[in-house]
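In this chain, residues are counted from 1 in sequence order.
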Amino acid sequence: IGKMRGVDVRTVGSKNIGATNVFRTVGKKWGLLAFFCDVMKGFLPTLLARHLVAIPHLPLCVAIACVVGHMLTPYMKFRGGKGVLVTAVVLLMTDWPVLLVSLVIFAIVLIGTKMVSLSSVMSALMMPLLLRIWYKSLNYASDANVNGGMSLAIMVFIAVLIVIKHIPNLRRVREGTESKIRLPWEKKEGSAEAAKLPGNGSGRKNPNTSKKKIKAREKNESLSKKDD
């Protein structure tokens with residue numbers, strides 16, 4: 001998508017091929033297109049594995065392949081995205097209550113810090129614990145349900161991968177240089193500055209308006225002299 005617009009997303013922004021970097025460096029609509037493609041990348045294969053092929057544990061294997069393939073892409077020298085969105089889609093297809101709670105955690109951290117990276121790491125770290133609680137609530141026994149044990153082990157593996165992928169972001173968080181987003185209900189800086197201009201509730205004068213008034217006054221004075 002980036003190359004279609006003349007932008008190599010591997011060299012700009014966070015240098016990541018994920019939807020977030022495409023959104024920031026290429027444009028909103030192209031970021032949404034990348035978001036859609038990432039969702040389909042996890043959704044379609046897992047859906048087909050669940051409903052078209054009756055092979056035990058195949059959906060689970062396909063799900064992990066989607067996530068790892070996204071994060072460690074072979075034709076990009078085993079580089080790729082950070083896997084957060086694809087992991088979320090896989091959870092939607094397999095254990096949606098875990099995804100729901102993870103999204104709540106993501107939203108809370110995002111509102112508090114305005115950092116997508118830190119929110120992603122915190123929700124990823126909580127996923128294995130949430131999955132364990134979810135399975136325990138369903139009374140899964142490790143010897144009776146191998147699928148549950150495999151899911152938990154895979155989720156721990158994915159969480160570790162997500163954290164490793166975010167190590168540069170975590171360094172920037174520690175240094176205080178990590179980029180932040182503007183929440184939807186926050187005002188833009190430009191609108192805040194505009195509110196300080198005359199007519200917007202501030203006592204400060206707009207220099208351009210003052211110049212216009214001076215020119216108008218000089219013009220009126222010259223016209224009055226001609227009449228005299």
Side-chain angles (χ1 to χ4, degrees), residues 1-27 30-50 53 55 57-95 98-99 102 106 115-129 131 147 149-175 177-179:
I1 293 172
K3 287 185 177 180
M4 286 169 52
R5 303 297 298 169
V7 179
D8 188 351
V9 294
R10 297 172 296 179
T11 60
V12 294
S14 64
K15 300 180 181 179
N16 187 267
I17 64 169
T20 302
N21 196 38
V22 176
F23 188 90
R24 289 172 177 168
T25 58
V26 184
W30 302 105
L32 291 174
L33 178 58
F35 178 90
F36 176 77
C37 291
D38 281 349
V39 168
M40 291 296 104
K41 187 186 300 181
F43 178 78
L44 289 179
T46 309
L47 180 68
L48 293 174
R50 288 189 66 181
V53 184
I55 300 177
H57 313 313
L58 180 63
L60 197 60
C61 295
V62 170
I64 184 64
C66 291
V67 176
V68 175
H70 175 77
M71 300 173 76
L72 305 172
T73 308
Y75 55 84
M76 289 183 59
K77 298 180 179 180
F78 293 96
R79 298 177 182 177
K82 295 182 179 178
V84 178
L85 180 58
V86 180
T87 302
V89 174
V90 167
L91 276 177
L92 176 64
M93 300 295 294
T94 56
D95 300 284
V98 176
L99 173 63
S102 299
F106 180 92
M115 299 180 190
V116 176
S117 58
L118 189 58
S119 305
S120 300
V121 169
M122 293 302 297
S123 57
L125 288 174
M126 292 299 296
M127 282 178 185
L129 177 61
L131 196 65
N147 192 46
M150 286 180 60
S151 296
L152 187 58
I154 288 173
M155 185 51 61
V156 171
F157 174 71
I158 291 175
V160 171
L161 274 181
I162 290 175
V163 173
I164 291 173
K165 280 283 189 175
H166 282 85
I167 286 177
N169 301 86
L170 295 175
R171 287 175 182 163
R172 290 194 293 269
V173 170
R174 184 183 62 187
E175 295 168 358
T177 57
E178 177 68 350
S179 58

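The heavy-atom pair separating Ser120 from Val84 by the smallest distance is CB-CG2, 3.7 Å. Minimum heavy-atom separation, Gly2 to Val26: CA-CG2, 4.1 Å. In plain terms, the two heavy atoms of Leu99 and Ala88 that are nearest each other are CD2-O, 3.4 Å. Across all their heavy atoms, Gly31 and Ala19 have their closest contact at O-CB, 3.9 Å. When every heavy atom of Ala159 is checked against every heavy atom of Pro128, the shortest pair comes out as CB-CG, 3.9 Å. Listed here is the closest heavy atom pair of Ser123 and Ser102: CB-O, 3.6 Å.
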From CA spacing to verdict: side-chain contact (heavy atoms from CB on, under 4.5 Å), Leu85, Val39: CA-CA 7 Å; Leu85 180 58; Val39 168; 4.1 Å; yes

Audit row: Val90, Met93, side-chain contact (heavy atoms from CB on, under 4.5 Å) steps and yes/no: CA-CA 5 Å; Val90 167; Met93 300 295 294; 5.8 Å; no

Step-by-step side-chain contact (heavy atoms from CB on, under 4.5 Å) determination, Met127 to Thr87: CA-CA 10 Å; Met127 282 178 185; Thr87 302; 3.9 Å; yes

CA sep, side-chain torsions, deciding dist, call: Leu118, Leu170, side-chain contact (heavy atoms from CB on, under 4.5 Å): CA-CA 7 Å; Leu118 189 58; Leu170 295 175; 4.2 Å; yes

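Listed for the Asn21 side chain is a donor-acceptor partner under 3.5 Å among the backbone atoms of Val12. Not a single donor-acceptor pair under 3.5 Å links the side chain of Thr46 to the backbone N or O of Phe43. Judged by distance alone, with hydrogens and angles left aside, the side-chain atoms of Lys165 form a donor-acceptor pair with the main-chain N or O of Met71 at under 3.5 Å.
Between the CD1 atom of Ile17 and the OG1 atom of Thr73 there is a distance of 4.5 Å, given to the nearest 0.5 Å. To the nearest 0.5 Å, atoms CD1 (Ile154) and CD1 (Ile64) are separated by 5.0 Å. Here the CG-CZ distance, from Leu33 to Phe23, works out to 12.5 Å after rounding to the nearest 0.5 Å. Summarising the geometry, atom CE belonging to Met122 is positioned 6.5 Å from atom CG belonging to Leu125; distances are rounded to the nearest 0.5 Å. Rounding to the nearest 0.5 angstrom, the gap separating the CG atom in Asn169 from the OG atom in Ser179 is 7.5 Å. Atoms NZ and CZ, from Lys41 and Phe36 in turn, are 13.0 Å apart once rounded to the nearest 0.5 Å.
Here the rule is side chain to side chain donor-acceptor pair (under 3.5 Å) with Ser117, and of Arg172, Glu178, Lys82, His166 only Glu178 fits it.
Residues satisfying the salt bridge (Lys or Arg N to Asp or Glu O under 4.0 Å) criterion with Arg79, sequence neighbours excluded, are absent altogether. Judged as a salt bridge (Lys or Arg N to Asp or Glu O under 4.0 Å), and not counting sequence neighbours, Arg24 has no contacts.
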